[in-house]
Every structure is written in structure tokens, then in C-alpha cells.
Number of protein chains: 2
Amino acid sequence: MFEAKLTQGSLLKKILDAIKDLVPSANWECSSTGVSVQAMDSSHVSLVSISLSSEGFDPFRCDRNIILGMETASLSKILKCASNDDSITVRAEESTDTVSFIFESPNQERVCDYNMKLLDIDSEHLGIPEQEYDAVIQMPSSEFQRICRDLTQIGDSVKINCTKEGVKFSAHGDLGDGNILLKQSASVDKEEDQVSIELNEPVELTFALRYLNFFTKATPLSAKVTMSLKEDVPLVLDYRIGELGNLK
Amino acid sequence: MFEAKLTQGSLLKKILDAIKDLVPSANWECSSTGVSVQAMDSSHVSLVSISLSSEGFDPFRCDRNIILGMETASLSKILKCASNDDSITVRAEESTDTVSFIFESPNQERVCDYNMKLLDIDSEHLGIPEQEYDAVIQMPSSEFQRICRDLTQIGDSVKINCTKEGVKFSAHGDLGDGNILLKQSASVDKEEDQVSIELNEPVELTFALRYLNFFTKATPLSAKVTMSLKEDVPLVLDYRIGELGNLK
DNA sequence: GATGAGTTTC
DNA sequence: GAAACTCATC
């Protein structure tokens, strides 16, 4: 028996909004420590990795490790049926082919339950390796979203150049070119508005804005995003989901 | 070398929002006194005239008269990349084929620069002649926008009839007709809410609402609009852009 | 609270 | 391409 209740159900809704355009289906691996997902997009260009700690749920019960293979579009459709202030309980029996979602309004007056068929997905079980990066940049997630959206007006890809002075985002295309320089902030009133850079090595890397714009769909999950860069290694964007976990 | 910094960059963004549906491309003529644009819409029905005084910029430097021919759609795209509270600096070297736009956030933490290719546009260099009008009406720009939008529901053109009592806007069409009478206001609390009429001669003229609705895209630039009318002469709408200049 | 622009969905 | 929804602004 697996059962996990998330008081703030809107978080799960936002997680699905963040990944539904990228990941067609995914295995949700449930263990006593929590829930995690690793899935590639359909073009195998990017990897989505979600980890949610058991401590973010109450109650959380996982008698035995269980893998819930789900169609992302279907899950997203079902979660659209939850109100933002509903709690969401996910429940699955041992060796079942369905999973249940229970949405409860704060005053308990409305209880919805949806049952979805599970899939058998063979996954390669990739993960994002823990490693040293040349540059780790923290910035407001809305700022990063804005940069990607703006540079999409100019070109298809963005060159990210990080030095200790700041990060420069550059694009070029038919109408000309655009460069956005973000300086490391000295001291800002709001911590979440801060731009901070940990630099081992200056880096200059180029990425497709198409994918970055997919990734920034996670912006509502967190006011901040952490971007890790390293030569010949995929870029990592890390959105912290409160105390619950994170989405990379 | 031409360089002009506009602290309130949102003004330039609004100017482009106002003209981008009307003017496909335009020459921006820069001289020591400021920047001006005269351009006809693609159907040669209307003329857009912008004049921005050098005194509205700080700094403003124009060593030699220079003409910057720009695609309006491209310029608009680039200006969409500026935040409303950014300052905008326009810079062009002598005999160059590109122009640079620098957007700086108020705290200087983000600096964007965009470079756009210039065009060689042969323009007829028309202007709006200075002349006496039969009627000069000042009214809230939002009110005029609303009138044009509402009457578009009724018909394709509006008859504007101005006497010393007031202005009457009339349209008719399949579903019936509509008339909006605006009386000259005696005294209003807010000066910008005032309707005032300077009348030499009562006039009655008809205009295509399609174009008036293009013109009212300039509404965000100014709370007031001045409409000048004269028999056999094009209508003029004048939107004052603060101390910077105006758009007609 | 209302309006408009942008984004997304059908 | 039209309509609905969301977000931001007034």
C-alpha cells in the first residue's frame, strides 16, 4: 500500500504544468524516503528529474517500493480537476494497475477521487550525476524566464557566458543580436531577487532556447532558480519546491 | 556619433505600440534638436509624425544629422525586451548599418544591448502643415478611444460634428445607428478629464473608424488628445508625450 | 475590480 | 484561427 497526502496540492499541479510539455510519460518511483521521477523528453535532449521527500507529505506511507508508470498528459488532466487549495492524496495498492487521486477541499466539504490506469514503462533509469560544475548561478526564476522569452525574439539559441563579474546571455538572428548582462548583486533587499555566482572556471556554452523555454515552465514552483554549467556537460536548472523537494 | 538616453524607456515602448500596426518601416531622423519621424501607413491614407526633443533625453549627443531607417516590427520586437522601468539608450555610429539599443534596469544590475540592422528607406518626407483649423478639440484620450471602439460596433465610419456646444460622433450601420455627444465641460476637477473646444467654424466631417482605431493605439502615451478638424483637410490627432515631444 | 495583453488550447 | 484562460496593470 502506498499513500501520500500533500496538503498543498497546488504544488503537484505546478509540477505537472512544468513537465507536461516535455515528458510524455514517466515512472514515479515511490519508496519510504519519498517519490522520485527521472524521465527524458521525447527527443532525448533533456532529462527531467523530480525528487519529493516523504517528509513533505503527511501522512506518508510506503510499505514496499512501488513504481507508478503514468501518462503525463492524463495525470495533468486529472490534476486540473483539483482546486489550488485542495489537498491531494495519492494512493495505490500493491500490484494494482490503477492509482487513485483524492482531492479534498480545505473545509472537507468536497471530496473528489479520480482513478487512473497505470502504464508499464521501461525506463533507462538515468539520473543527473552529482558533480562539480564550472559555474553555479542563482538568480530570480522570473528573471531567467524573462531573459529566455526576450532572446527568443532574436534567435533560436542562447550563448551563456559566465565570468565572476556576471552572466551574459547572447542571441543573434535575422534582425540583429541581443545581449543581456546580469551582474552579481552586491546586496539586495529581497534575498530572492539576488543574483549570485559561484565560479570555478569561466564558461561559455550555447543552448537551444526552445528547451530553455520548456524548462522555465517550472518558474511558478520557485522564486529562485539555480543554473549549473560545465563544459561538455548538460546545463542543469534546479527549482527548489519549498521543503518538499526539487525539480531539475 | 548619435547617442540618446531616455530614462523612462516605457515611452519609447508605447510609441512603438502606437505605430507598429500602421507603419511598416520608417526613417528616424536625428539632429541636434532631437529625433523625428514622418511615415505613411502602407495604404498611404494616413501620416504618422513623431517629434522628440533632444531635451527629453539625457544625455543627448548628435554630432551630425543621421537617418536611421528601421523596420517597425523589428524595432518593436527589440523594445519588447525592455522592462517598463528600464532606461533606453539608442546609439549609432556615423556611417554604420546598425543601431544599438541599451536597456538598463534601475539598479543597474541588468544591462541588455540589442543591435539591429538598418534599412535604406526612400521616404517622401511629408509633414503635417501648420495651419488654422476650423475646430480644435481637446478631450481625454481614453474617452476618444472608447468612442471609436464603441462606434465600430455600429458602423465603419464616424461622422464628427463640432459646434460650440459640443462634439457629436455618429455612426450608422445595419443594426441601427449610434450618436455620442460630448459637451464642452464647464469645470472639471481633473484638468485631463476636460473637454474643450476652440471653434472658428462649425464642421461636419466623416472618417473611417478603421484608421481612428489605429490612431487610438497611442492612448497610453497621453491622458489627453487634441483633435484638429478642417474641411477638405486630414484630421489631426495630437498626443503629447510629456515633455519629450508628441505623436501626431 | 476591471481592463487588456499574452499565452495556450481547441 | 478563434476562444478561453492567466497574468499584469490601472
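Per chain, numbering begins at 1; letters A, B, ... match sequence-line order. Side chains included, hydrogens not; waters and symmetry mates left out as well; all remaining heavy atoms used.
Checked against the 6.0 Å centroid threshold, B:Phe103 and B:Tyr114 count as a close aromatic pair.
Donor-acceptor pairing under 3.5 Å is lacking for the side chains of A:Asp113 and A:Ser100.
Ionic pairing of A:Asp21 and A:Lys217 is present here: one or more N-O contacts between side-chain nitrogen and carboxylate oxygen are shorter than 4.0 angstrom.
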5' to 3', nucleotides 4-10 of chain D under a 4.0 Å protein heavy-atom cut-off (B base, S sugar-phosphate only, - none) gives -------

Nucleotide-resolved protein contact map, nucleotides 4-10 of chain C, B/S/- at heavy-atom distance under 4.0 Å | S-SSSS-

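Looking only at distances, no side-chain donor or acceptor of B:Asp86 sits under 3.5 Å from a matching main-chain atom of B:Ala82. Put simply, the side chain of B:Gln184 never gets that close to the backbone of B:Ser196: no donor and acceptor are under 3.5 Å apart.
Shown here are the side-chain hydrogen bond (donor to acceptor under 3.5 Å, both in side chains) partners of B:Asn161, two or more places apart in sequence or in another chain: B:Glu204.
The shortest side-chain heavy-atom distance between A:Thr226 and A:Ile137 does not fall under the 4.5 Å cut-off.
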